[in-house]
Amino acid sequence: MTRNWLLYGAPGSGKGTQAEALVQRFSIPHIATGDILRAEVRSGSELGQRAQAIMATGALLPDDVMIDIVRARLAQPDCSAGFILDGFPRTLPQALALDGVLGDLGHPLDRIVYLRVSEEELLARTGGRGRDDDKPEAVRHRIQVYLEETLPVLDHYRPTGLVREIDGEGEVSAVSARVLEALGEATA
Ligand code: AMP
């Protein structure tokens with residue numbers, strides 16, 4: 001049995017927090033493209049310098065750059081029993097590329113969990129994280145990009161029957177229970 005999972009939701013929907021809980025429980029890697037990019041920024045690499053300028057505005061990096069990063073990461077041996085993908089795919093071209101990459105690797109997605117959080121709650125949450133791209137202007141842009149480019153990706157996956165939509169508001173532990181249920185991992 002594989003645990004090839006995709007967590008889906010707006011910036012601030014709690015994907016990262018939920019993913020960390022799943023990492024602890026199932027010992028599978030958390031592949032968060034935002035985290036990968038922030039590590040590049042810290043390292044001062046050429047990609048990091050480019051990413052920093054784009055991320056600060058709340059815009060997306062080019063699809064080809066992101067697809068290369070994710071393709072390389074998913075090919076690592078630690079992904080063979082499963083993975084938690086978070087923050088990718090964010091556009092339809094990324095989703096189509098992911099389908100191809102996972103098909104080539106023989107690791108098709110097992111479940112997609114969509115954490116639904118109201119816009120008011122998203123604004124309240126991202127305001128408090130203190131990240132560089134959490135300035136009000138960047139937050140507004142990120143939410144706009146999410147609505148225009150990322151939300152339609154869910155429609156791409158709906159016909160697969162893999163999508164489970166859950167309420168992402170409330171206590172972290174309550175959301176965790178819903179996530180486990182949605183993944184088919186709830187115990188009793
Ligand atoms: P996140 O931590 O997932 O909210 O990502 C932070 C920022 O990294 C985003 O606002 C984008 O600028 C960039 N980023 C992360 N993932 C992607 C992706 N899949 N495609 C394009 N840009 C991304």
Side-chain angles (χ1 to χ4, degrees), residues 4-23 29-76 79 83-102 107 109 112-119 121-157 168 172 175 179:
N4 301 340
W5 295 333
L6 198 160
L7 291 188
Y8 192 89
S13 61
K15 295 187 302 289
T17 303
Q18 293 301 326
E20 286 307 328
L22 294 171
V23 166
H30 176 201
I31 304 177
T33 46
D35 289 349
I36 293 172
L37 293 174
R38 281 183 287 277
E40 289 289 336
V41 170
R42 281 195 299 275
S43 81
S45 68
E46 204 180 312
L47 168 62
Q49 291 173 30
R50 192 171 162 208
Q52 186 168 31
I54 297 173
M55 289 165 80
T57 70
L60 297 179
L61 271 84
D63 287 333
D64 57 343
V65 173
M66 299 311 301
I67 291 164
D68 285 349
I69 291 173
V70 170
R71 181 187 290 117
R73 184 63 188 88
L74 285 170
Q76 297 293 310
C79 294
F83 51 81
I84 304 159
L85 205 47
D86 159 7
F88 184 97
R90 266 175 150 95
T91 65
L92 198 53
Q94 290 182 13
L96 296 172
L98 178 66
D99 295 346
V101 167
L102 292 177
H107 296 333
L109 291 173
I112 298 167
V113 177
Y114 170 38
L115 280 88
R116 195 172 9 85
V117 173
S118 69
E119 202 165 330
E121 178 72 18
L122 292 176
L123 286 167
R125 289 189 191 180
T126 45
R129 293 191 306 191
R131 245 165 56 178
D132 259 9
D133 56 350
D134 282 345
K135 296 191 177 68
E137 194 54 41
V139 168
R140 270 195 296 278
H141 191 204
R142 269 194 291 140
I143 292 179
Q144 183 197 341
V145 168
Y146 170 76
L147 294 172
E148 287 175 7
E149 301 202 50
T150 306
L151 205 49
V153 171
L154 206 52
D155 292 328
H156 166 74
Y157 285 114
V172 171
V175 178
V179 169

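Counting starts at 1 for both ligands and their atoms, following the listed order. We count residues from 1, following the sequence as given.
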Peer 1: Does Y114 have any ring-ring contact (aromatic ring centres under 6.0 Å, His included) partners at least two apart in sequence or in another chain, and if so, which?
Peer 2: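 Y114: ring-ring contact (aromatic ring centres under 6.0 Å, His included) contacts with Y8.
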Peer 1: Just checking E137: does its CD atom have more than 12 heavy atoms from other residues, nucleotides or ligands closer to it than 6.0 angstrom?
Peer 2: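 No.
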Peer 1: Minimum heavy-atom separation for A97 and I67, please, with both atom names.
Peer 2: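 Minimum heavy-atom contact is CB-CD1, 3.5 Å.
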Peer 1: side-chain hydrogen bond (donor to acceptor under 3.5 Å, both in side chains) with Q49: which residues, sequence neighbours excluded?
Peer 2: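 So Q49 forms no side-chain hydrogen bond (donor to acceptor under 3.5 Å, both in side chains) with any residue.
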Peer 1: Distance under 4.0 Å, heavy atoms only, partner ligand 1: which residues pass?
Peer 2: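 Lining ligand 1: T33, G34, L37, R38, M55, A59, L60, L61, M66, G87, F88, R90, Q94, R131, D133, R142.
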Peer 1: Considering only heavy atoms from C-beta outward, does the side chain of L37 approach that of M55 to under 4.5 Å?
Peer 2: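 Yes; the side chains approach each other to less than 4.5 Å.
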Peer 1: Not counting sequence neighbours, list each pair that qualifies as a side chain to side chain donor-acceptor pair (under 3.5 Å) and has a residue in residues 50-62.
Peer 2: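 Every candidate side chain to side chain donor-acceptor pair (under 3.5 Å) pair involving residues 50-62 fails, so no pair, neighbours aside, qualifies.
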